[in-house]
S.K.: 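Sharing a structure here in structure tokens format.
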Amino acid sequence: MQTTVKQLKLIIFELNKEEYSIPVQQVRSIEKLLPITRVPNVPAHIKGVINLRGVITPIVDLRTRFDIAQKQYDERTRIIITVVGEIEVGFIVDAANDVLDISEESIEPAPEVVGSVENKYVQGVVKVDKRLFVCLDLHEVLQLESIHD
């Protein structure tokens with residue numbers, strides 16, 4: 001009996017010189033930085049909203065979300081527009097690097113300690129040649145902290 005290996009397409013992006021990935025089916029588009037309208041009384045990692053082709057889209061800065069030191073946005077900075085459940089959300093990243101085809105088997109469970117990103121945000125780790133990508137769980141990334149923290 002032959003088992004078929006499921007292929008996945010991942011978008012590879014950069015944060016603080018480390019590479020992360022999300023499944024391409026969750027990505028609507030990759031945009032250059034657009035003007036962001038601030039929204040009062042939201043968590044610090046939510047930078048505000050943008051009007052993207054008539055759709056008001058919340059924007060999350062992943063550096064802030066993962067407690068990574070801020071840096072100036074530059075010509076490589078991108079907003080990755082994703083669909084998480086029913087919600088369209090944009091994530092600000094340092095750069096969008098690649099689209100990669102991998103087999104589902106090459107995703108390994110997240111080790112106990114993964115760099116600077118909390119383990120709950122990590123779905124697994126992918127090794128391709130000498131590169132290592134942290135696969136993010138966007139549902140977890142978007143979970144709002146409980147008020148009681």
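These numbers come from a predicted model, not from an experiment. In what follows, residues are counted from 1 in the order of the sequence shown.
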S.K.: Checking Asp74 now: which residues fulfil salt bridge (charged side-chain N to carboxylate O under 4.0 Å, His left out) with it, not counting sequence neighbours?
M.R.: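 With neighbours one apart ignored, the set is Lys71.
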S.K.: When you measure from the side chain of Arg65 to the backbone of Val60, do you find a donor-acceptor pair of N or O atoms at a distance under 3.5 Å?
M.R.: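 Side chain of Arg65 to backbone of Val60: no pair is present.
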S.K.: Would you say the side-chain atoms of Arg76 pair up with the backbone N or O of Tyr73, donor to acceptor, closer than 3.5 Å?
M.R.: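 No, Arg76 side chain to Tyr73 backbone: no donor-acceptor pair under 3.5 Å.
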S.K.: Between OG1 of Thr57 and CD of Glu88, what distance do you get to the nearest 0.5 Å?
M.R.: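 Going from the OG1 atom of Thr57 to the CD atom of Glu88 covers 4.5 Å.
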S.K.: For the residue pair Gln70 and Thr64, confirm or rule out a side-chain donor-acceptor distance under 3.5 Å.
M.R.: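 Checked: Gln70/Thr64 side chains pair up, N/O donor to acceptor below 3.5 Å.
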S.K.: Establish, from distance only, whether the side-chain atoms of Gln7 and Asp101 form a donor-acceptor pair under 3.5 Å.
M.R.: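 Result is no, nothing qualifies.
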S.K.: So does Glu105 pair up with Lys6, basic N to acidic O under 4.0 Å?
M.R.: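 No salt bridge links Glu105 with Lys6.
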S.K.: Listed by chain and number, what are the side chain to side chain donor-acceptor pair (under 3.5 Å) partners of Asp94, not counting sequence neighbours?
M.R.: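 In terms of side chain to side chain donor-acceptor pair (under 3.5 Å), with neighbours along the sequence ignored, Asp94 is linked to Arg63.
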S.K.: Do Ile59 and Val39 belong to the same hydrophobic cluster, where Ile, Leu, Val, Met, Phe, Trp and Tyr are linked whenever their side-chain heavy atoms lie under 4.5 Å apart, directly or via other members?
M.R.: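 Different clusters: Ile59 never reaches Val39 through Ile, Leu, Val, Met, Phe, Trp or Tyr contacts under 4.5 Å.
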S.K.: Step by step, work out the side chain to side chain contact (heavy atoms under 4.5 Å, CB included) result for Thr37 and Ile50.
M.R.: CA-CA 6 Å; Thr37 304; Ile50 60 171; over 6 Å; no
S.K.: If I take atom OG from residue Ser21 and atom CD1 from residue Ile11, how far apart are they, to the nearest 0.5 angstrom?
M.R.: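 Going from OG on Ser21 over to CD1 on Ile11, the span is 10.0 Å.
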S.K.: I'd like to know if Arg53 and Glu31 make a salt bridge, using a cut-off of under 4.0 Å between side-chain N and carboxylate O.
M.R.: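 Yes.
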S.K.: Using every non-hydrogen atom in the two residues, find where Gly54 and Asn51 come nearest and quote the distance to one decimal.
M.R.: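 Looking at all heavy atoms of both residues, the closest pair is N-OD1, 3.0 Å.
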S.K.: Going by salt bridge (charged side-chain N to carboxylate O under 4.0 Å, His left out), name the residues that satisfy it together with Asp98, two or more places apart in sequence or in a different chain.
M.R.: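 Asp98 satisfies salt bridge (charged side-chain N to carboxylate O under 4.0 Å, His left out) with Arg131 only.
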S.K.: Of all residues at least two apart in sequence or in a different chain, which pass the side chain to side chain donor-acceptor pair (under 3.5 Å) check with Asp129?
M.R.: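 Side chain to side chain donor-acceptor pair (under 3.5 Å) check on Asp129 returns nothing, list empty.
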S.K.: Looking at residues at least two apart in the chain, or sitting in another chain, which of them share a ring pair (Phe, Tyr, Trp, His ring centres under 6.0 Å) with Phe133?
M.R.: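 Here no residue qualifies.
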S.K.: Can you list everything that forms a salt bridge (charged side-chain N to carboxylate O under 4.0 Å, His left out) with Arg38? Sequence neighbours excluded, please.
M.R.: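 For Arg38, no residue satisfies salt bridge (charged side-chain N to carboxylate O under 4.0 Å, His left out) once neighbours in sequence are set aside.
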S.K.: Out of Tyr121, Phe13, Tyr20, which residue meets the side chain to side chain contact (heavy atoms under 4.5 Å, CB included) rule with Leu62?
M.R.: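 Single pass found, and it is Phe13.
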